[in-house]
Amino acid sequence: MTDHSPLVLFNSLTRQPEPFVPVHAGEARVYSCGPTVYNYPHIGNMRAYVFADVLGRTLSYKGYALTHVINITDVGHLTDDADAGQDKMEAAAAARAQSIWDIARHYTQAYWDDIAALNIRTPAHWSIATEYVPQMIAFAQTIAARHCYELPSGLYFDIASVADYGLLARAHTEEGAGRIDEVEGKRHAADFAIWRKTPAGETRQMEWDSPWGRGAPGWHLECSVMSGALLGFPFDIHTGGIDHREIHHPNEIAQNQAFCCTGGLADPASSGARVWMHNNFLVDRTGKMSKSSGEFLRLPLLIDRGYHPLAYRLMCLQAHYRSELEFSWDGLGASLTRLKRLVMAVAQLRDRAGQGADQPGPRFAEALARFDAAISDDLNTPVALTVLDEVVAMKKVDPAEKLAAIGVIDAVLGLGLLTLNRIDLRLRPKAATIDEAAIATVLDARRAARADKDFARSDALRDDLSAAGVEVMDGDPLGWDWRPTAATPATGATA
RNA sequence: GGCCCGAUGGCGGAAUGGUUACGCGCCGGACUGCAAAUCCGUUUAUGCCGGUUCGAUUCCGGCUCGGGCCUCCA
């Protein structure tokens with residue numbers, strides 16, 4: 001792993017791949033837009049953090065000292081129009097008759113559970129929006145005179161006050177059909193709230209005093225403030241979902257420009273971050289990605305159905321982060337099968353390796369160079385995975401060295417191959433009608449029948465288990481003697 | 001309506017101006033009491049119409065279809 005390719009990342013600002021050049025030598029400072037904790041994250045949301053995690057792991061692998069920040073937005077966002085809707089956090093609290101703070105705590109924890117299940121490394125900082133309100137007010141005061149104007153509903157940012165507004169979105173701000181309900185007095189349709197005043201006569205659970213009256217910060221403000229406070233302007237990389245490329249990040253950039261008193265975006269440092277990266281969506285043709293439709297695709301739902309969460313991570317890695325990825329249960333099953341085979345191969349390797357070398361050795365140099373080239377090419381994880389497969393399949397090599405080579409690759413991909421057991425992958429679907437002990441009992445009886453060459457009885461027991469959602473596997477190399485049939489939906493579920 | 005993106009085998013999904021990765025599935029073989037699991041091997045694809053080119057899946061134009069954003073959803 002000596003011949004490193006230069007790391008090239010696709011910058012949304014220029015729409016070009018660019019060599020990564022750190023702002024501070026040897027360091028990489030990354031800010032990722034995190035969740036708004038008014039509901040559970042769905043697996044499409046989580047794709048963004050798998051992407052950010054791979055980016056962070058790649059930077060670490062390349063030798064940069066990584067400082068990663070992910071924010072938690074616990075300040076409410078509006079539900080519909082930018083300035084007229086109901087606050088999402090307030091709405092969730094009202095619907096559940098809980099304190100807005102309880103709501104935030106609950107969904108933050110749910111998000112963190114998903115993060116852990118997906119083997120996403122904990123960032124250096126989880127920045128909590130409500131802990132930065134004083135800094136947000138200070139930030140707003142800094143830019144107010146030159147870049148903002150006040151209306152009865154709040155303090156607004158004048159997008160004409162900075163150069164190149166909307167460059168990131170490649171959008172022209174001349175508004176076409178007026179589908180947005182204009183806030184009375186706004187100078188441009190795209191002007192956005194820096195501070196939202198609480199309407200007269202109302203009280204909100206979350207509100208703060210400010211020079212513009214009691215209210216709450218606009219949500220674009222928090223990312224500017226927290227990224228600047230924790231990483232310093234300019235920092236290296238700002239990530240988020242591709243939807244943020246259109247509105248949120250252009251606004252964030254405009255705020256950063258105003259705050260830094262810098263000019264146009266010809267100099268990428270003016271935007272606050274040198275590189276802006278956006279992951280594409282997970283698309284779901286079944287329509288279960290919509291949070292408004294009741295049951296949507298959450299990670300725990302996959303687990304309940306018998307799919308290990310890391311199968312979902314692998315599914316994400318099989319596509320490039322800038323491509324849309326089609327979700328299907330069959331596809332998830334395919335990823336689980338691939339992961340299972342990888343894990344099994346590595347487990348066998350561990351059995352044979354013993355106390356061996358912890359370095360890959362020259363036999364692996366060529367493959368690792370190709371891995372390096374792939375991941376350096378704007379995080380091409382699909383190709384990186386093919387290199388992993390090749391390394392796993394290599395014959396006549398020292399097992400300990402091979403294990404070390406796999407370790408190098410998995411440190412970036414984060415599939416947990418060195419620690420995951422095949423047994424770990426055998427999740428029992430929640431809906432299964434049989435428990436582990438019962439399975440073991442039937443399997444014992446079946447073993448006895450087979451020893452007696454009573455194959456009629458043996459097959460009957462196998463059919464019983466099959467009817468209960470358990471597929472029997474004799475002679476599995478690693479003792480995985482059954483698996484849940486629900487985890488392999490591609491096969492006809494004949495009972 | 002405005003802006004933008006995409007179309008690769010059964011499914012997912014890479015890459016490339018000239019031999020179309022890889023995974024899963026399918027099929028064949030080994031193994032098995034039979035299966036399954038596992039291992040080995042094999043098979044199939046660049047939406048349509050033009051253009052540029054010695055040569056296009058790749059570059060350009062048009063068409064069709066699909067998708068995203070313009071409503072704070074990654």
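This structure is a prediction, so every number in the text was calculated from the model and none was measured.
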Show each protein N/O and nucleotides 65-67 of chain B N/O combination with a separation under 3.5 Å, one pair to a line.
unit_1  : atom_1 : unit_2    : atom_2 : d
rG67(B) : O2'    : Glu324(A) : OE2    : 3.2

Please tabulate the protein-to-nucleotide N/O contacts below 3.5 Å involving nucleotides 15-18 of chain B, giving atom names and distances.
unit_1  : atom_1 : unit_2    : atom_2 : d
rA15(B) : OP1    : Asn380(A) : ND2    : 3.3

Below 3.5 Å between N/O atoms, which protein atoms pair up with nucleotides 39-44 of chain B? Just atom names and distances, please.
none

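Annotation: rG67(B) and rU53(B) have their C1' atoms spaced 33 Å apart (nearest Å). With P as the reference atom, rG51(B) and rC69(B) are 38 Å apart, rounded to whole Å. For rC48(B) and rU8(B), the C1' atoms lie 15 Å apart once the distance is rounded to whole Å. Taking the P atom of each, rC27(B) and rC65(B) are spaced 37 Å apart, rounded to whole Å. For the C1' atoms, the distance linking rC31(B) with rU46(B) amounts to 39 Å, nearest Å. Atom P of rC26(B) sits at a distance of 33 Å from the matching atom of rG6(B), rounded to the whole Å. Distance check on atom C1': rG68(B) versus rG10(B) gives 27 Å, rounded to whole Å. Rounded to whole Å, the separation between the C1' atoms of rG17(B) and rC54(B) comes to 11 Å.
Nearest to the side chain of Phe281(A), among rG23(B), rG68(B), rU32(B), sits rG68(B). For Thr386(A), the listed nucleotide lying nearest its side chain is rA21(B); candidates were rC24(B), rA21(B), rG33(B). For Arg483(A), taking side-chain heavy atoms from C-beta onward, the closest of the listed nucleotides rA37(B), rC24(B), rG12(B) is rA37(B). Each of rA37(B), rA21(B), rA35(B) was ranked by its minimum atom distance to the side chain of Arg446(A); first place goes to rA35(B). Comparing rA37(B), rA35(B), rC24(B) against the side chain of Arg462(A) picks out rA35(B) as the nearest. Considering only side-chain atoms of Asp389(A), the nucleotide from rG23(B), rA21(B), rG25(B) that sits closest is rG23(B).
Rounded to whole Å, atom P of rC5(B) lies 8 Å from atom CZ of Arg245(A). Between the CG atom of Asn280(A) and the C1' atom of rG6(B) there is a distance of 9 Å, rounded to whole Å. In this structure, the CG atom of Leu314(A) is 13 Å from the P atom of rA14(B), given to the nearest Å. Distance, Met315(A) CE to rG25(B) P: 15 Å, rounded to whole Å. The separation between His249(A) atom NE2 and rC70(B) atom P is 14 Å, rounded to whole Å. As rounded to whole Å, 11 Å separates atom P of rC26(B) from atom CG of Asp330(A). The NE2-C1' distance, from His278(A) to rC72(B), rounds to 14 Å in whole Å. Summarising the geometry, the separation between CD on Glu246(A) and C1' on rC69(B) is reported as 5 Å, rounded to the nearest angstrom.
Of the residues near RNA chain B, Arg450(A) and Gly34(A), the one whose nearest nucleotide (by heavy atom distance) lies more toward the 5' end is Arg450(A). Nearer to the 5' terminus of RNA chain B, by closest-nucleotide assignment, is the contact made by Ala319(A) (compared with the other of Ala319(A) and His244(A)).
Look at Arg446(A) and Asp459(A) and you find no salt bridge, because none of the NZ, NE, NH1 or NH2 atoms lies under 4.0 Å from a carboxylate O. The pair Asp452(A)-Arg447(A) does not count as a salt bridge, with every side-chain nitrogen at least 4.0 angstrom from each carboxylate oxygen. No salt bridge links Asp454(A) with Arg450(A); every basic N to acidic carboxylate O contact stays at or beyond 4.0 Å. The pair Lys186(A)-Asp191(A) does not meet the salt-bridge criterion, since no charged nitrogen lies less than 4.0 angstrom from a carboxylate oxygen.
Here Gly331(A) lies out of heavy-atom contact (under 4.0 Å) with every strand. Among the heavy atoms of the strands, none lies under 4.0 Å from Arg47(A). No contact: Phe51(A) has no heavy atom under 4.0 Å from any strand.
One cannot find a donor-acceptor pair under 3.5 Å joining the base of rG12(B) and the side-chain atoms of Ser328(A). Looking at Asp459(A), its side chain comes within 3.5 Å of the base of rG33(B) through a donor and an acceptor atom.
Scored by the salt bridge (Lys or Arg N to Asp or Glu O under 4.0 Å) test, Asp389(A) finds Arg338(A) as partners (sequence neighbours excluded). Partners of Asp410(A) by salt bridge (Lys or Arg N to Asp or Glu O under 4.0 Å), not counting sequence neighbours: none found. For Asp243(A), there are no salt bridge (Lys or Arg N to Asp or Glu O under 4.0 Å) partners at least two apart in sequence or on another chain.
A cation-pi contact links Arg322(A) to Phe10(A), judged by a cut-off of 6.0 Å to the six-membered ring centre and 45° from its axis.
For the side chain to side chain contact (heavy atoms under 4.5 Å, CB included) with Val391(A), the lone residue among Thr386(A), Val397(A), Ile406(A) that qualifies is Ile406(A).
With a 3.5 Å ceiling on both atom-pair distances, the Watson-Crick or G-U wobble partner of rG6(B) is rC65(B). Summarising the base pairing, rG1(B) is matched to rC70(B) through a Watson-Crick or G-U wobble pair whose two defining distances lie under 3.5 Å.
Within the structure, every side-chain polar atom (N or O) of Lys340(A) is placed at least 4.0 Å from both OP1 and OP2 of rC24(B). Between Ser323(A) and rA14(B), a side-chain N or O to OP1/OP2 separation shorter than 4.0 Å is present.
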Please evaluate residues Tyr49(A) and Tyr111(A) with respect to the criterion ring-ring contact (aromatic ring centres under 6.0 Å, His included), reporting the C-alpha separation (whole Å), side-chain torsions for both, the decisive distance (0.1 Å), and the verdict.
CA-CA 11 Å; Tyr49(A) 309 108; Tyr111(A) 168 69; 5.1 Å; yes
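Residue Arg457(A) qualifies as open at atom CZ: its count of foreign heavy atoms under 6.0 Å is 12 or below.
Using bins of under 30°, 30° to 60° and over 60° for the plane-to-plane angle, the ring pair His248(A)/His244(A) lands in the perpendicular bin.
His308(A) and Asp424(A) form no side-chain donor-acceptor contact under 3.5 Å, judged by distance and modelled atom types alone. At a cut-off of 3.5 Å, with distance as the only test, no side-chain donor of Thr381(A) or His320(A) sits close to an acceptor on the other residue. Side chains of Thr130(A) and Asp74(A): a donor on one and an acceptor on the other come within 3.5 Å.
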